[in-house]
Trainee: 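Below is one structure. I have some questions about it.
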Amino acid sequence: MASVVLSEAEKLYIVHGIQEDLRVDGRGCEDYRCAEVETDVVSNTSGSARVKLGHTDILVGVKAEMGTPKLEKPDEGYLEFFVDCSANATPEFEGRGGEELGTEIANTFYRVFSSESSIDLKSLCINPREHCWVLYVDVLLLECGGNLFDAISIAVKAALFNTRIPKVRILEDEEGSKEIELSDDPYDCIRLNVDDVPCIVTLSKIGYRHVVDATLQEEACSLASLLISVTSKGALTSMKKMGKGSLDPESIFEMMETGRRVGKSLHIALQKILDEEESLGTSRQKVGFLG
Amino acid sequence: MAAITMRLPVARKAVGPSAPRGGEKHLVAPGDTITTDTGYMRGHGTYVDEEKLIASVAGAVERVNKLVCVKALKTRYNGEVGDIVVGRITEVQQKRWKVETNSRLDSVLLLSSMNLPGGELRRRSAEDELAMRDYLQEADLISAEVQSVFSDGALSLHTRSLKYGKLGQGVLVQVSPSFVKRQKTHFHDLPCGASVILGNNGFIWIYPTPEQKDEEAGGFTTSLEPVPLSDREVISRLRNCIVALITQKLMLFDTSILYCYEASLPHQIKDILKPEVMEEIVLETRQRLLDLEG
């Protein structure tokens, strides 16, 4: 992961500040940086979103393709995650440097979405045992400014909200062979229900307290962090501990409670902005990358 | 309790012609022809191709008599002798330290250019060489002055005065070197309660004002006492103000930082980084600076 080096005195300053609930940029321990969310930025995808959280810049594209359902779940579609750490973010990601981080993030997302209630996979089925929709979620890291997992999960939720899957009809011939017909109208499509899609909240333990949305400097001062995925109703779908340090079981409970509380507020804020963007309709001025 | 704000991105507004500042600026991009007149001497950021003077960086053209140079907005630091820099130690080598100063090459701080504790003057011995790491390690921050420039462009630094040396607790803000205005002094003790070092290389160091001003230790003793909350608030506010000034492309010097600080007082510290608040504060600062000028 991209990291900065800090002197001992700088780290001490940050740690003492967090004890008093005043971080370097004036935020409290549970405040997020100002986030910018925009959907539908990539035209040749079924859904896309771009999230800028401070200096962290993430682009997610969702492509819906037809495939065969998995053998153990014949009447469901599925999601495939792929994370690309671009060398734009930091020179460490040049060549195959970003592969390890990319696979770690992708595996985390498989776990987060492993819960059955996260997304209605049965709606992605076209023909049981034969055809289903596979959603390929591609994540591109454009800039690393700390707190990657949270930003990626916000972008994934926004992209899934924006995804439009074309409606298909199955026609049966006289001989019994099935044909798939795609609707002619490009606006005739189904949307996904993202109410239960979880968002990740990373809590970094610094000193005796924990903070949400750590910057690169704060991540350098934290030895251990807890990653929890929370749905909008406050249910936890997965939990992961990262970092070399150890966590006390008491602090894990505290961090879980904080994460749940912060996660619920995160969902409310995100849903509000997605609804606001939706209400602007086609007259919305797209900012994109050259704004 | 948790404050989470999300917003839709807003397209950047094209900055309209602000108050006339004595003529239009000639802006160029790499490859643009500056002039076809061969009577000019080429300075930094230009090169000659087929009798035309062409810009090699993106910025504004500056003309001093017959010298034409292009001053870029975002660039690496080009050191001049006498500049104050804030740097980070990257390596501890045999008789010198390598310092990162946001330039093309790492700068060099020789052991002989460093003051000994107590200000004694003697030749550096082998013990001094072995004790180098006790004083400055990797990732430490120092303030120093540029002594000379090597032929390859690397800078040689020195901390030959007691006001330079290792930096203690504080906050570092990294900006482009072109934002730091060249002034008589770069060490400022702001009346709001904190001190700031405006490094010419774009590294700005904000730290709590030390109590004893008479005996300057030269950075040999770093205070590990927790900084009081009131000082922290001033430092965080200054840090956010500097980021706001940079985002709105205003030059950094003590007066602009102070005016920006005063304009930001009605807002909460964390709100300063919101785009609309940033615009409002910097507009007020710009207005006050214009009133000051004329």
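A note on names: the letters A, B, ... follow the listed sequences, proteins ahead of strands, and every chain is numbered from 1. All values below were derived from every heavy atom in this structure, side-chain atoms included, with hydrogens, water molecules and symmetry-related copies excluded.
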Trainee: Looking at B:Gln93, I want to see if its CD is surrounded by more than 12 non-hydrogen atoms of other residues, nucleotides or ligands under 6.0 Å.
Mentor: yes
Trainee: Nearest 0.5 Å, what's the CD-CH2 distance between A:Glu10 and B:Trp205?
Mentor: 4.5 Å
Trainee: So, the side chain of B:Asp140 versus the backbone of A:Ser7: is there a donor-acceptor pair under 3.5 Å, distance only?
Mentor: no
Trainee: With a 4.5 angstrom heavy-atom cut-off, is it the side chain or the backbone of B:Glu233 that approaches chain A, or both, or neither?
Mentor: both
Trainee: Quick one, B:Ile4 and A:Ile268 - any side-chain contact, counting heavy atoms below 4.5 Å?
Mentor: no
Trainee: In Å, rounded to the nearest 0.5 Å, how long is the span from CG of A:Leu6 to CG of B:Leu141?
Mentor: 8.5 Å
Trainee: Any side-chain heavy-atom pair from B:Met6 and A:Leu266 closer than 4.5 angstrom?
Mentor: yes
Trainee: Against chain B, work out which of A:Leu270, A:Ile14, A:Leu280 has the most heavy-atom pairs shorter than 4.5 Å and name it.
Mentor: A:Leu270
Trainee: Taking 4.0 angstrom as the limit, do A:Glu276 and B:Arg7 come out as a salt bridge?
Mentor: no
Trainee: Between B:Lys270 and A:Asp25, is there a salt bridge with N-O shorter than 4.0 Å?
Mentor: no
Trainee: Which region of A:Arg50, side chain (C-beta onward) or backbone (N, CA, C, O), has a non-hydrogen atom less than 4.5 Å from a non-hydrogen atom of chain B, or is it both or neither?
Mentor: neither
Trainee: Can you say whether A:Ile154 sits under 4.5 Å from chain B via the side chain, the backbone, both, or neither, judging by heavy atoms?
Mentor: side chain
Trainee: Do A:Glu38 and B:Leu8 have side chains that approach each other closer than 4.5 Å (heavy atoms only, starting at C-beta)?
Mentor: no
Trainee: Could you walk me through whether A:Cys34 and B:Leu273 pass side chain to side chain contact (heavy atoms under 4.5 Å, CB included), step by step?
Mentor: CA-CA 8 Å; A:Cys34 200; B:Leu273 295 174; over 6 Å; no
Trainee: To the nearest 0.5 Å, what is the distance between NE2 (A:His16) and CG (B:Leu229)?
Mentor: 13.0 Å
Trainee: What part of B:Arg88 is in contact with chain A, defined as an atom under 4.5 angstrom from a non-hydrogen atom: side chain, backbone, both or neither?
Mentor: side chain
Trainee: Under the 3.5 angstrom rule, does the side chain of B:Arg232 hit a backbone N or O of A:Tyr13 as a donor-acceptor pair?
Mentor: yes
Trainee: Non-hydrogen atoms of chain A under 4.5 Å away: do they reach the side chain of B:Leu224, the backbone, both or neither?
Mentor: both
Trainee: How many angstroms lie between atom OG of B:Ser236 and atom CZ of A:Arg27, to the nearest 0.5 angstrom?
Mentor: 11.0 Å
Trainee: Kindly determine whether B:Thr90 and A:Val5 satisfy side chain to side chain contact (heavy atoms under 4.5 Å, CB included), including the steps that lead there.
Mentor: CA-CA 9 Å; B:Thr90 50; A:Val5 275; over 6 Å; no
